[in-house]
**Student:** 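Got a structure for you, written out below as C-alpha cells; questions coming shortly.
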Amino acid sequence: MENTNTTTTPRLLEGKLGLVFGVASQRSIAWAIAQAWAEAGARLAFTYQGERLRENVEELAATFGKDVPLYPCDVTRDSDLAAVFANVAKDFGKLHLLLHSVAFAPKEALEGQFLDTSREAFRIAHDVSAYSLLACARGAAPLMTEGGSILTLSYYGAEKVVPHYNVMGVAKASLEATVRYLAYDLGPKQVRVNAISAGPVNTLAARGISGFTNMLRLYPKISPMQRNIRTSELGGTALFLASDWGGGITGEVLHVDCGYHAMGMPPSSLLKPDA
Ligand code: NAD
Ligand code: 0WE
C-alpha cells in the first residue's frame, strides 16, 4: 500500500537538543533519523568522521539553517570524543537525544569465512561498532540532566548467522548487550538506551558488500510485509523512541524489518520450483 499520509510530523521533540553520529551521505540511516527528529522540533548537532566527509555533512546540515554545530569525530579516539562533548556543553549546555549510527569492520573480514577473522579485525569491529556506544553514552550522560534518549542501530546478524556478516554480527551482539547494560546504569537518571534493528538499506556502508543486492531481493520474498523497509520508517520509529511516547522503553532492541525476524521458514511459494 502506498503511504498517502500527508499530515505534518507532530512537534514531539520541541525544545529537545540532540547529537547525531554517523551521517556520511544523504542515504545514511542517521540522516533519515535526523530529519525526523528535526521535523519534530529538535535542535541538532552533527559529528563527521573526518575531512573526507566534512563537506557532505555541512551541506546536509545546512538544510536545517545556519547555526547547526558540526564537530569532527573519529569514535576510536578518546580525544575527539572529549572535544565533542566539551563543545556540546559550550554550544547547547545540555543534551536530550543522542544517535549512534556508526559501524565498521575491515573489508576482508566481511568477505571470507568468520573462522579466518584476525585479532586486529575483531578488535577494530568491536572498537568502532560497540565500544563507541559506551564512550558516547559516558560523554553524553553528564549533559542529560533532564533525562534523555540514546539510540543505536543494529542488524539481525547479531542474533542469527547471516553469511558474510561475520565479525560484524559478533560486534552487533556486543552492541545489543551494551544497550542493556547502559540502560541499567543510566535508568536512574531517566536516560533511556535502545536499539533499532533495521532491515537492509542501500547506504554507503552496504554498497561495498558483495551479495547486498541479493539481500534487498530476499526481504520482499521472506518478510510478512513482502517488501523492504523505507528509511522514513526508521525515522518514524526513532522519533517515537526519542519522544515521551516511548517513555517506558529502555534496554530494548526494536526490529524495523517488515517482520523478517519473525519468520522461521520461508513461505512455501518460495520453495516451489516454478516460483
Ligand atoms: P553509512 O555508511 O551511511 O553510515 C555509517 C557511518 O559510520 C558513516 O557515517 C561513517 O562515517 C561512520 N563511521 C565508521 N567508522 C567510524 C569512526 N571510526 N568514527 C566515526 N564514524 C565512523 O551506513 P548506514 O547503513 O547508514 O550505517 C549506519 C548504522 O546502521 C550502522 O551501525 C550499521 O551497522 C547500521 N545498519 C545498517 C543497515 C543497512 O542495511 N544499511 C542495516 C541495519 C543496521
Ligand atoms: O552493518 C552493516 C554494514 C556495516 C559495515 C559495512 C562496511 C562496508 C565497507 C561495516 N564495515 C564495513 N567495512 C567496509 O570496508 N549492515 C547491516 C549492512 C550489511 O552488511 C552486510 C550485510 C548487511 C545487511 C555484510 C554481509 C552480509 C549482509
Side-chain angles (χ1 to χ4, degrees), residues 1-5 7 9-10 12-13 18 20-40 42 97-103 129-130 133 149-160 162 165 168-169 171-180 182-183 192-207 209 212 215-264 266:
M1 228 178 300
E2 195 55 42
N3 182 1
T4 51
N5 181 1
T7 57
T9 310
L12 295 176
L13 301 179
V20 174
F21 290 81
V23 177
S25 78
Q26 202 189 313
R27 298 179 106 105
S28 292
I29 291 171
W31 181 240
I33 292 175
Q35 284 178 291
W37 282 2
E39 255 176 67
L97 315 171
L98 185 143
L99 176 64
H100 173 277
S101 185
V102 170
S129 315
L133 176 67
S149 176
I150 296 175
L151 184 63
T152 188
L153 270 299
S154 193
Y155 173 63
Y156 189 56
E159 302 167 58
K160 301 285 174 182
V162 174
Y165 199 58
M168 270 309 305
K172 289 299 192 189
S174 168
L175 177 74
E176 292 183 5
T178 299
V179 162
R180 292 184 283 271
L182 287 173
R192 298 181 292 107
V193 187
N194 295 292
I196 291 176
S197 185
V201 178
N202 195 2
T203 62
L204 289 179
R207 202 75 58 78
I209 282 142
F212 187 80
M215 187 116 229
L216 284 173
R217 279 202 281 260
L218 192 63
Y219 270 62
K221 295 203 169 99
I222 295 197
S223 65
M225 295 177 73
Q226 304 187 341
R227 61 172 178 84
N228 283 296
I229 59 161
R230 306 177 180 117
T231 52
S232 60
E233 292 166 335
L234 296 174
T237 301
L239 172 52
F240 152 69
L241 282 173
S243 78
D244 289 345
W245 295 104
I249 302 176
T250 194
E252 186 66 289
V253 179
L254 193 49
H255 294 86
V256 179
D257 66 351
C258 294
Y260 185 96
H261 73 284
M263 300 301 294

**Student:** Looking at every heavy atom in both S174 and A130, which two are closest together, and how far apart are they?
**Tutor:** OG-CB, 3.5 Å

**Student:** What is the minimum heavy-atom distance between I29 and S101, and which atoms define it?
**Tutor:** CB-OG, 4.2 Å

**Student:** Say you draw a straight line from OG of S149 to CG of L239; how long is it, rounded to the nearest 0.5 Å?
**Tutor:** 10.5 Å

**Student:** Check side chain to side chain donor-acceptor pair (under 3.5 Å) between N228 and all other residues, then give those that pass, not counting sequence neighbours.
**Tutor:** none

**Student:** So which pairs with a foot in residues 234-255 pass salt bridge (Lys or Arg N to Asp or Glu O under 4.0 Å), sequence neighbours left out?
**Tutor:** none

**Student:** Go through the structure and list residues passing side chain to side chain contact (heavy atoms under 4.5 Å, CB included) with L254, not counting sequence neighbours.
**Tutor:** T237, F240, L241

**Student:** My understanding is that only residues two or more places apart in sequence, or in another chain, count here; which of them pass salt bridge (charged side-chain N to carboxylate O under 4.0 Å, His left out) with E233?
**Tutor:** R227, R230

**Student:** Suppose we screen for side chain to side chain donor-acceptor pair (under 3.5 Å). Which residues come up paired with R217, at least two apart in sequence or across chains?
**Tutor:** N214

**Student:** Would you name the heavy atoms of S243 and L13 that are closest together and state the gap between them?
**Tutor:** CA-CD2, 3.8 Å

**Student:** Counting N and O atoms only, with roles assigned by atom type, does the side chain of R192 sit under 3.5 Å from a partner on the main chain of A183, one being a donor and the other an acceptor?
**Tutor:** no

**Student:** Output the distance between atom CZ (R27) and atom OG1 (T203), rounded to the nearest 0.5 Å.
**Tutor:** 8.5 Å

**Student:** Between atom CG of L133 and atom CD1 of I150, what is the distance when rounded to the nearest 0.5 Å?
**Tutor:** 7.0 Å

**Student:** With rounding to the nearest 0.5 Å, note down the distance linking CG in D257 to CD1 in I229.
**Tutor:** 8.0 Å

**Student:** Would you find a donor on one side and an acceptor on the other, under 3.5 Å apart, between the side chain of W37 and the backbone of A238?
**Tutor:** yes

**Student:** List the atom of P224, the atom of C258, and the distance in Å for their closest heavy-atom pair.
**Tutor:** CD-O, 3.3 Å

**Student:** Run the side chain to side chain contact (heavy atoms under 4.5 Å, CB included) test against A103 and tell me which residues pass, sequence neighbours left out.
**Tutor:** S129, M168, K172

**Student:** Got a sec, which residues hit ring-ring contact (aromatic ring centres under 6.0 Å, His included) with Y155, two or more places apart in sequence or on another chain?
**Tutor:** Y165

**Student:** List the atom of F212, the atom of V201, and the distance in Å for their closest heavy-atom pair.
**Tutor:** CZ-O, 3.3 Å

**Student:** How would you list, by chain and number, every residue that makes a side chain to side chain contact (heavy atoms under 4.5 Å, CB included) with E159, sequence neighbours excluded?
**Tutor:** Y156, E176, S197, H255

**Student:** Donor-acceptor pair, distance only, cut-off 3.5 Å: does the side chain of S154 make one with the backbone of A195?
**Tutor:** no

**Student:** Any sub-3.5 Å donor-acceptor pair from S28's side-chain atoms to A30's backbone N or O?
**Tutor:** no

**Student:** Say whether, by atom type as modelled, one donor and one acceptor occur between the side chain of N194 and the main chain of L151 under 3.5 angstrom.
**Tutor:** no

**Student:** Mind checking ring-ring contact (aromatic ring centres under 6.0 Å, His included) for W31 and listing every partner two or more places apart, or none if nothing turns up?
**Tutor:** F64

**Student:** Hey, what do you get for CG (L175) to OG1 (T152), rounding to the nearest 0.5 Å?
**Tutor:** 4.0 Å

**Student:** Under the side chain to side chain contact (heavy atoms under 4.5 Å, CB included) test, which residues partner I222, sequence neighbours left out?
**Tutor:** L218, Y260, M263, P266, L270

**Student:** Here's a test for you: under side chain to side chain contact (heavy atoms under 4.5 Å, CB included), which of L153, V20, L97 qualifies with I33?
**Tutor:** L153

**Student:** Output all residues satisfying side chain to side chain donor-acceptor pair (under 3.5 Å) with R180, sequence neighbours left out; order by chain, then residue number.
**Tutor:** none

